[in-house]
A.B. asks: 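Dropping the structure in here first, questions after.
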Amino acid sequence: MLRKFLLQASIRRNFTASSSSFVFLRQCSSSSSSSSQIPNGHFVEHLEKSAESPPSATISVDRTALYNPPEHSHEPSAESVLVKNLKNIIKFRGGPITVSEYMEEVLTNPKAGYYINRDVFGADGDFITSPEVSQMFGEMIGVWAMCLWEQMGKPNKVNLVELGPGRGTLLADLLHGASKFKNFTDSLHIHMIECSPALQKLQYENLKCATEDGADENEKRINSTIAESPVSWHAMLEQVPTGLPTIIIAHEFFDALPLHQFQKASRGWCEKMVDVTENSSFRFVLSPQPTPATLYLMKRFKWAETEEIARLNHIEVCPKAIDLTQEISKRIAIDGGGALIIDYGVNGIVSNSLQAIRKHKFVDILDNPGSADLSAYVDFAAIRHSAEEVPGASVHGPMTQSQFLGSLGINFRVEALLDNCTEEQAEYLRTGYWRLVGEGEAPFWEGPDDQTPIGMGTRYLAMAIVNQKQGIPVPFQ
């Protein structure tokens, strides 16, 4: 089936060679490791307060009623709406907020959040992701999804869910590549988990959606005309209907989930917080007492070796990743199906990896909040342990993105595309292929040094969670 899929698909895009170099896939050029550190230029201070706000004093923002947000300005301002909001939260709280709270406000604040009002991807955005690099990435994810569907027994109805779909490029390429396999595409109901109205609009366009009147006069049906599959949008995974086998794709989603940072101090592990200085700028401080997130830190310690913890001075813990993994695993264990997680990260405890990227360059994490992407390495070991706690779910991987795509047949696919393209398209294909599966600088590159393609095949990892009854998924056998 793999070879049939790869040979039947044809070139669908007019390729254009990239004319500039970018920060690729939110990733730095240094070697990835659990102790990688992104300098942020801030001195971390200890708070000398005798008491801390009680755990019950939390801020919760309802993001389900987003509608016609104002245009987002990417330019620095004296005091943006988001900066004012962050300072008001700190003032109301009577003290600093966690890094997790800071990330959530910066990325998804309904009025000024980074992802909410603009297209952040591509040459005109801040970073480039794998689906934007080459159509082959989405096609290979389609191969994986079809293989899983066959292992599931080729059910007539399947939920195909993507978490954080970006522009919708990945699913568009998946549907294009799978369009000849009608039994598969006819079974799909696509569900996009997206809170950004701006990105929802792009996804609607890239999936070539059409809106039709439903049975009820107030009901509207949306179909992707690429494969005539129904499409729905949701703010959260829990809003996707249960009761059907589900295939979940999470590509570069976990890396943007809000996390907590801890630093080793003389009194033990202290949570790093964000506070406001006397001159009204942001700074990092350490909490004087244990915080609620310490419970997740202790849980993470139970999954780690003593020697692994002893050599670290900083640790990042992502409760939302742990909770989401368990939600995904429970759904799969009950309804059947599987989830594919691809992201940059490590198979162990993550240290000080939080980074900010603006216009393809690394910037200070606390500089002009809302104008830069925030992301961090994914702790794949924590995802694995979280899924293993759910009866009926099995975890496979991680393996490198290079191994994953290679096993699915990307080598055959690039050869098939190169047989039917112009020289300009061939350069684009070779460059995209290297970025997806290569390691380091491309040895074939003859252009400007500052545009040398950087391979990320070993920096990104792939992991699958499936229903235990379905066996081991391709290509993790």
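Values reported hereafter were calculated over all heavy atoms of this structure, with side chains retained and with hydrogens, waters and symmetry mates removed.
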A.B. asks: Do Gln401 and Leu461 pass the side chain to side chain contact (heavy atoms under 4.5 Å, CB included) test, and can you show the C-alpha distance, the side-chain angles, and the key distance before you say yes or no?
C.D. replies: CA-CA 5 Å; Gln401 178 172 285; Leu461 301 179; over 6 Å; no

A.B. asks: For Asp323, check side-chain contact (heavy atoms from CB on, under 4.5 Å) against everything at least two apart and list the hits.
C.D. replies: Tyr296

A.B. asks: Using the salt bridge (Lys or Arg N to Asp or Glu O under 4.0 Å) rule, take Glu194 and Lys201 through it: C-alpha gap first, then chi angles, then the decisive distance, then the call.
C.D. replies: CA-CA 10 Å; Glu194 181 61 71; Lys201 182 179 179 181; over 6 Å; no

A.B. asks: Considering only residues two or more places apart or on different chains, which pairs with a residue in residues 292-301 satisfy salt bridge (charged side-chain N to carboxylate O under 4.0 Å, His left out)?
C.D. replies: Lys299-Glu389, Arg300-Asp379

A.B. asks: Between Trp144 and Leu405, is there a donor-acceptor pair closer than 3.5 Å when you use the side chain of the first and the backbone of the second?
C.D. replies: no

A.B. asks: Is any side-chain heavy atom of Ile334 closer than 4.5 Å to a side-chain heavy atom of Asn467?
C.D. replies: no

A.B. asks: Strictly by salt bridge (charged side-chain N to carboxylate O under 4.0 Å, His left out), give each pair with a member in residues 460-475 just once, sequence neighbours left out.
C.D. replies: none

A.B. asks: Take Arg358 and Asp373, measure what salt bridge (Lys or Arg N to Asp or Glu O under 4.0 Å) needs, and give me the verdict at the end.
C.D. replies: CA-CA 6 Å; Arg358 182 191 302 131; Asp373 175 54; over 6 Å; no

A.B. asks: Which residue is it: Lys272, Lys320, Arg93? I am looking for the one with a salt bridge (charged side-chain N to carboxylate O under 4.0 Å, His left out) to Glu101.
C.D. replies: Arg93

A.B. asks: Assess whether ring pair (Phe, Tyr, Trp, His ring centres under 6.0 Å) is satisfied between Phe184 and Trp149, documenting all intermediate values.
C.D. replies: CA-CA 8 Å; Phe184 172 68; Trp149 175 72; 5.4 Å; yes

A.B. asks: Using the ring pair (Phe, Tyr, Trp, His ring centres under 6.0 Å) rule, pick out the option among Phe137, Tyr460, Tyr344, Phe404 that qualifies with His251.
C.D. replies: Phe137

A.B. asks: Of all heavy-atom pairs between Ser394 and Gln468, which one has the smallest distance, and what is that distance?
C.D. replies: OG-CA, 4.0 Å

A.B. asks: Should Gln261 and His314 be marked as a side chain to side chain contact (heavy atoms under 4.5 Å, CB included) after you check the CA-CA gap, both sets of side-chain angles, and the distance that decides it?
C.D. replies: CA-CA 7 Å; Gln261 290 188 313; His314 300 84; over 6 Å; no

A.B. asks: Within a radius of less than 6.0 Å around CD of Glu305, do more than 12 heavy atoms belonging to other residues, nucleotides or ligands occur?
C.D. replies: no

A.B. asks: Considering all heavy atoms of both residues, which atom of Phe284 and which atom of Ile365 are nearest to each other, and what is their separation?
C.D. replies: CZ-CG2, 4.3 Å

A.B. asks: Ignoring hydrogens, what is the shortest heavy-atom contact between Pro369 and Phe282? Give both atom names and the distance.
C.D. replies: CG-CE1, 3.9 Å

A.B. asks: Could you tell me if the side chain of Val414 sits less than 4.5 Å from the side chain of Met136, heavy atoms only?
C.D. replies: yes

